[in-house]
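First comes the structure, then the notes that go with it.
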Number of protein chains: 2
Amino acid sequence: MIKDKGRSILTESGLKITPQRIAIMEALLTIKDHSTAEFIKEYVTKNNPNLATGTIYNILEAFCQKGIIKKVKTEKDIMRYDVETKSHNHLYCDECDYIKNYFDEELDRLLKDYFSKKNLSNFSIKEINLQIVGNYSPHKNN
Amino acid sequence: MIKDKGRSILTESGLKITPQRIAIMEALLTIKDHSTAEFIKEYVTKNNPNLATGTIYNILEAFCQKGIIKKVKTEKDIMRYDVETKSHNHLYCDECDYIKNYFDEELDRLLKDYFSKKNLSNFSIKEINLQIVGNYSPHKNN
DNA sequence: TCCTAAATAAGAACTATTCTTATATAAGAA
DNA sequence: TTCTTATATAAGAATAGTTCTTATTTAGGA
């Protein structure tokens with residue numbers, strides 16, 4: 001069950017287990033898609049009407065710092081949060097602001113090999129994000 | 001001269017030539033780096049103290065639509081504007097919020113070839129942006 | 001020179017996010 | 001279990017980058 005999965009992720013992270021964190025964890029795992037804070041708020045406040053907006057941002061930030069989720073920036077400048085931890089890149093639709101995960105191990109390897117050959121002076125690489133911008137059809141909105 | 005270059009870019013674009021547009025064009029060409037709207041404002045208002053903030057955004061937006069410049073978002077979520085039109089990717093420093101252009105034709109070719117082989121279903125690629133996030137040293141701030 | 005659509009100035013409005021402070025609570029200690 | 005205390009949360013004010021509104025000005029064609 002998603003609730004148990006969420007709870008165990010929290011336990012492993014070392015974060016205090018609170019109802020708010022469980023609710024947001026559950027929302028992230030259920031929604032799956034790259035949710036905005038606002039969408040998460042809508043989802044979560046159905047059952048937890050008093051959950052404050054600031055708390056949502058606090059919790060999402062805490063999850064980011066523990067590596068449970070990752071921030072993804074959209075074309076339209078709103079932060080979205082990604083629960084997928086497996087290495088992947090993103091397809092950005094520039095019309096509907098939808099982001100789709102793009103898994104491609106071959107591509108990952110290609111890039112990794114490429115940059116390990118290169119030596120970027122004065123720059124140590126932490127991660128490489130490939131934004132594939134284009135047009136997703138049919139459009140999805142959330 | 002930069003002023004002439006700016007003016008001729010404007011003429012080619014078909015945009016009306018106004019003192020404000022010339023000033024911003026000149027600023028972009030002089031600063032070169034990925035400027036924030038605020039930095040451009042500071043630069044431009046030295047000689048044009050009445051240039052309104054909204055006008056700067058309008059003009060930058062107009063330039064973007066004509067393809068003269070491109071928007072680039074930083075790690076800290078502030079919009080920056082890039083005058084470089086040659087194909088390139090970006091090095092993002094996650095500490096000093098500096099963005100450096102990264103030119104690499106071999107990489108461009110590699111990616112282009114890779115995705116022309118692939119067939120992403122329901123998605124037509126317009127452009128591929130590689131964000132190379134890491135640590136730029138020494139740090140630059142602006 | 002005149003005309004008109006387009007551009008600008010000024011500043012209010014907006015919105016995603018962060019901050020502040022008082023209150024509540026998780027979870028280890030006794 | 002109850003107590004303790006550092007941590008988390010609620011509520012809403014504050015912030016900041018950006019957009020919007022409206023009156024005024026201006027570029028460039030007629």
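Chain letters run A, B, ... following the sequence lines, proteins first and then strands; every chain starts at 1. Here the structure is a predicted model, which means the values were calculated and not measured.
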Grab the [atom1]-[atom2] distance between [X] and [N] for me, whole Å please.
| X | N | atom1 | atom2 | result |
| --- | --- | --- | --- | --- |
| B/I40 | D/dG17 | CD1 | C1' | 14 Å |
| A/I17 | D/dT7 | CD1 | C1' | 14 Å |
| A/E38 | C/dT17 | CD | C1' | 12 Å |
| B/E61 | D/dG17 | CD | C1' | 14 Å |
| A/K41 | C/dT15 | NZ | C1' | 14 Å |
| A/N48 | D/dA10 | CG | P | 8 Å |
| B/L60 | D/dT19 | CG | P | 10 Å |
| B/Q65 | C/dA7 | CD | P | 11 Å |

task: Compute the angle between the rotation axes at the two ends of the helix from C/dT1-D/dA30 to C/dA30-D/dT1, each taken over five pairs, rounded to 10 degrees.
output: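 Result, rounded to 10 degrees: 30°.
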message: I'd like to check the side-chain hydrogen bond (donor to acceptor under 3.5 Å, both in side chains) partners of A/S8; sequence neighbours left out, ordered by chain and number.
response: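 Counting only residues at least two positions away or on another chain, A/S8 forms no side-chain hydrogen bond (donor to acceptor under 3.5 Å, both in side chains).
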field: Sequence-distant partners of A/N47, side-chain hydrogen bond (donor to acceptor under 3.5 Å, both in side chains), two or more places apart
entry: none
query: How would nucleotides 8-13 of chain C be written as a contact map, 5' to 3', with B for base contact, S for sugar-phosphate-only contact and - for no contact, using protein heavy atoms under 4.0 Å?
result: SBB---
Residues two or more places apart in sequence or in another chain: which of them pass side chain to side chain contact (heavy atoms under 4.5 Å, CB included) with [X]?
| X | value |
| --- | --- |
| A/E42 | A/E38 |
| A/K71 | A/E61, A/C64, A/M79, A/Y81 |
| A/N58 | none |

Any residue meeting salt bridge (Lys or Arg N to Asp or Glu O under 4.0 Å) with [X], in chain and number order, not counting sequence neighbours:
| X | answer |
| --- | --- |
| B/D104 | A/K118 |
| A/K112 | none |
| B/E127 | B/K70 |

task: Report the residues that fulfil ring pair (Phe, Tyr, Trp, His ring centres under 6.0 Å) with A/F115, sequence neighbours left out, ordered by chain and then residue number.
output: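 Expected list: none.
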message: OP1 or OP2 of D/dT18 versus the side-chain N and O atoms of B/Y57: is any pair under 4.0 Å?
response: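 Looking at the OP1 and OP2 atoms of D/dT18, one of them is under 4.0 Å from a side-chain N or O of B/Y57.
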message: Applying a strict under-4.5 Å side-chain criterion to I, L, V, M, F, W and Y, I'd like to know whether B/Y98 and B/F103 cluster together.
response: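 No.
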message: Using a 6.0 Å distance limit plus a 45 degree cone around the ring axis, check whether B/K100 lies over the aromatic ring of A/F123.
response: no
task: Pull out every residue in residues 7-16 of chain A that has a heavy atom closer than 4.0 Å to any atom of DNA chain D, ordered by number, or say none.
output: A/K16
